[in-house]
K.L.:
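Please find one structure pasted underneath; my questions will follow.
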Amino acid sequence: MKKFISVLMVVLMACLLFGCGGGNGGSSKNKEIVVWVGEESADFYQEICNKYAEENELPYTITVKGMDTGAVAGTVTNDPSAAADIYTVAHDNIGKLASTQCAKPFTDEALIAQVLADNPASFQNVIYSTLDGKQYLYGVPYISQALFMYYNKEKVSEEQAQTFEGLREAAQAAGTKAITVTGDDGFNMSFALLATNVVDHSTTVKIFEGAEAVSGGSKGTSNCQGDDTVAVVRWLQDYAEDPNGFKWASSDGWDADLRNGGALAVIGGAWHYNTAKAALGESNLGIALIPTFTLTPKACEGLEGVKAGDTFRGGTFADCKVFMINAHSDADKYSALQDIVKYLSSKEVQNESYLNCLNVPAYVGASEYIKSCYDAGKLTESEYNLAAKQVEMAEWGIPQPFLTGSLNTYYYSKNAPAVFRAMIDKTAYPTTGDVLVEETESLEGVRKGLYLMEYLWMHGVNPDSFPEDLPKQA
Amino acid sequence: MEATLKKNRIDLMKPFRKYWEKFYKRFADGSLGTKLSYFIFGAGNLYHKQIIKGLLFLVLQIAIILFMVLCPTINSTPYGYKALLNLPMKNVVEGGAFDPLTGEFSHGSNCKLIILFGFVTIAVIAIYFILWDKNIDSSFKADMDLKVGKKPTTFKEDLAELLDSKFHITMLTPTLIACLVFTVLPTVFMIALAFTTYNDPDMNELGTNLFHWNGIQNFISVFTGEGSLGVEIHNRFLPVLGWTFIWAVFATLTCYFGGIVLALLINKKGLKGKKLFRTIFILTIAIPQFISLLAVRNILGEYGPVNALLQNLGWISQPIGFLGLHPNDSESLAKVMVIIINMWVGIPYTMLMTSGILMNIPADLYEAAKVDGASTFKMFTKITLPYVIFITTPYLISSFIGNLNSFNSVFLLTGGGPTYIGYQAGGTDLLVTWLYKLTIDQGSYNTGAVIGIFTFLITATITLVTYRRSKAYNEEDTFQ
Amino acid sequence: MMNNKKVKSQSRNAKTSLALTYLILILLGIVWLIPLVWIVLSAFRCEYQADGTFIGTVTSNYFPKAYGLKNFADLFTARYYGVDNAFPKWMLNTLIIAAVDCVISTFLVLSVAYCISKLRFRMRKPFMNMAMVIGLFPSFMSMIAIYFLLKSIGLTGNPTHPEYSVIGLILAYSAGAGLGFQVAKGFFDVIPNALVESAKLDGCTNFKIFRKIILPLAKPIIIYQALMSFTGPWMDFIFAKVIIGADNAPYWTVSVGLYSLLFGTHPDTNLFTQFAAGCVIVAIPIVTLFMFLQKYYVEGVTAGAVKG
């Protein structure tokens, strides 16, 4: 027994002694800067960074690694000290990363000025966060993303692709459904949730307006119960019921619909480009803005805030990917890191990134550059449309709002969009307990569903009961 | 009655009494060296001229004391006595002070590491006491040896003992260390997290490195259903638990009997190509599950060949959601499909095992039955079946317990099944897939830890009860 | 006469039942193979759109319309996650991990099983109980703690030496192996104690007995354990990702890599045929091993069942 204990101790000691040497070494004192970007852009950015380091005689070496940017936030919060010095996330993670002390703000005057000058107002609204009561810039945008529509050019004319009604016509001629989506989560259903009035550019659902990304701050208000929202839901209910209208698809099947003619169009994002091309063929692939639709009298029945003939364009979340600095990176590297970010997010690098990796630039006026590339023959037509339509769609969308702390009340976790789907399908909402709404067809049913959705977003749990008199406009 | 009670009470104190006596006795009867070794490790060994052993003990004592006092710091969290002081987490540093000019960012304490390092320190202290005890023992043994006229063992002799009478120690030590460090310690760490406010949005918006103890609050909230952790577990625990049991029962029974039937078919007298058939069926074992189950998932998908075929035949007009991938898909259908597909994966194991057993059934049993005029069916039910069932009962139990924790079948096929609005746990979620979603996906380790503890309590109870009563355990010694 | 008739009808019965058995087995065999054949077919699928765009997604046909080796070529030269020739690198990593793990695990399991089975010492029953109880905890609970433990030793998440995380993973895999001794123990139980005792009478140390007598007899169980611990790392896609790190793509195992291709946040589903090709390549060594070592696997499973 004593021998085994001694052996055990020797080993444990060795580990600890080794550890003291190894663990503290870490990244704190070495001469390396690590940058995380999206997997498809890793090579490009590595080249750029190497050139930059050489030209500026940087005392550091820059290593660029490709990662799944959707998973970066989780990886960083799990172990921030092992994460990169500069990392890329979608802007809606800024709040969480800032409040959990995984990110450091930017303070370089020149960088802040560049960000102010280059980016549209909608992005400016979502890249700041608070620390110690002061507002700081936390994320620097360099890629923009929005949803748009892929369609079958063979069966749908360009004019028909402008409106949902036109799509329906084309679908009727082809004997199939008009349009589908790539998933039924809140992000993909934003075309209905964020339907934007073409006249005054107001969205139907107002998500977390005024949300402040401070710890303990208010989550802002969320309003899903306006009459315009109700009308849009009822319009979509009818459109989905129509044999030539809307159909649901799963994330592994929408391309089969396109290929086999089960649907003529799909609302998707840039990451679906390769699959959409494979489904339709390069020459058949059409890309357009999400179409507009006009409310029918049936949809506006019993509602005051809207009237038949009001036209809305399908909305989208217009997001940006941002660079952020790790709070655990060395203070010595701070100014170097800011310079690197300033360089990587500059217009020139964004342009080159577009040419090389098809990352849509985030700065205002990017559409001119994209057009010039197309005119110079550097892009195929669908590649050009891919960027141009995204940039245009961004004007019809809002960036995803973010909250602090945990993700539990984040707007599309906890399956709140499943409520939306149940509404469109006219089935019962699959909740548990007493909060069961059997019937979703009537006006009352739709209002209850919207209330349920809003409550889930605000509180993260099911409501105990529905209020007697469901409010209309907040 | 009173007498037995008294006896029981004394029995509880017996081990402590015995140890105290031993403690006292060794000091009293020991030589000067032994008495010294109460304070300085290895003193007794050195006294008896067991130099190497003595030095070993001494070095270890010094190392541990240095460790405790000097507090090596990793990732700005200390080991040693500071770790113990940190453990109650009363004075957690919040950090977050930022200097815009220099970029200095002060970091808060890392509570995860505080807990982990605190437990490591406690383990080191425990080792210290064990070493202390053993060092005294070692010296005392040398004393005793001297008394009966033997020489104290040299280091060489001790080493030789390790290969002989103490061989079990040599063999078990690596596993014990690995097990303690890589299994026991992490599990204790996770259990500790169940008593904290880790990642709790209501209590603490500073995320995952800064949290504090909150006693059994988490467990209470499970029963009252308050707080985001409480709501999730309160409403979904019983349904998920129920389904986990039903799943385990059906999965075990279907695979078990299916495997036996298949083995019997293949084993039939006169059948050619036994090896070929066996090979085909064990292909599913050889292929990694994330490949095979993914293939099934795609085949049964909305746009897979199965739905396409059914639509072409005109039997259905809309694709059927076999695997509950949408909230509106049938949950019961998904459950049935999961059990059926699990048969596809699980039957080959039982089949192989039964094949081996069937080949070992003594042939004369059958001969005798034939002579008595028994039909094949009767032979099957009276000889084969009971024999197989008797031999594989332990396997049945362990298979049941294994299925309680089976992850791949459910996760890769349905991802947890039709989702429930407002909750993480879906329709076909087992306890273990729910645990995965909570810990790896959501990073909500305290909720996961609570579920993990409940899961463990249940499986442990079942295991201990059934295993202890099973013959195999009681008679395992007497197999010879 | 009566006997002849009975024998004849019996043999006819036997013949029909045999034919029926063949039929059932063939049907079942086909059912068993359907998904696997589909993956293999998809790996060789080489369909193009009218204008030459390659179709790499899941299609609803069971049989491909065109065949080719393009997927395999792409797989081996593709650049995933910014890593050149990612797939061969992953294969090599997994091979190394599996081989080392195999050696360590087999040694550990055999030691423990032999001890528990043949030697008698004070802590024997408590050790067995403890092993059983510990094995009941779901492994996800300990993953993140193991990550931090390894990190504090510098064996993972080490920015200057990312390859150390491979060592960390091997440690983590082997550490858990020792507790899975039940099957091997059952096997050792069957070896008659008389052998051991007579050797002892001849004056052998326990170690010598282990080396000279037990090990040669234990060949089937050694192979069984080696097979199990070798194939394990090829199939695990959760644990390896946590330990090696999501940003450490050059050192992933092949299952982590393939899984990430299709299950990231915004996966490129046009890579499905490449994924299928990868699956085929991964499956080949494992299936081959299972085929050749079938006999030992059966013995191992049987031993495990018999003693539970």
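We name chains A, B, ... by the order of the sequence lines, and we start the count at 1 in each one. Computed from a predicted structure; not experimentally measured.
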K.L.:
Measure the spacing between CG of A:Asp330 and CD of B:Glu104 and express it to the nearest 0.5 Å.
P.N.:
8.5 Å
K.L.:
Which bit of A:Ala82 is near chain B, if near means a heavy-atom gap under 4.5 Å: side chain, backbone, both or neither?
P.N.:
neither
K.L.:
Is A:Phe106 close to chain B through its backbone or its side chain, or both, or neither, when contacts mean heavy atoms under 4.5 Å?
P.N.:
neither
K.L.:
For the CG atom of B:Leu113 and the CG atom of A:Asp79, what is their distance to the nearest 0.5 Å?
P.N.:
8.0 Å
K.L.:
Calculate, to the nearest 0.5 Å, the distance between atoms CZ and CG belonging to B:Phe105 and A:Leu131 respectively.
P.N.:
5.5 Å
K.L.:
What's the shortest heavy-atom distance between B:Gly103 and A:Ala331, and which atoms?
P.N.:
O-CB, 3.9 Å
K.L.:
Could you walk me through whether B:Asp99 and A:Tyr334 satisfy the side chain to side chain contact (heavy atoms under 4.5 Å, CB included) test, starting with their C-alpha distance in whole Å, then the side-chain angles of each, then the deciding distance to 0.1 Å, before giving a yes or no?
P.N.:
CA-CA 11 Å; B:Asp99 182 345; A:Tyr334 187 54; over 6 Å; no
K.L.:
Heavy-atom cut-off 4.5 Å, strictly under: side chain, backbone, both or neither for A:Asp108 against chain B?
P.N.:
neither
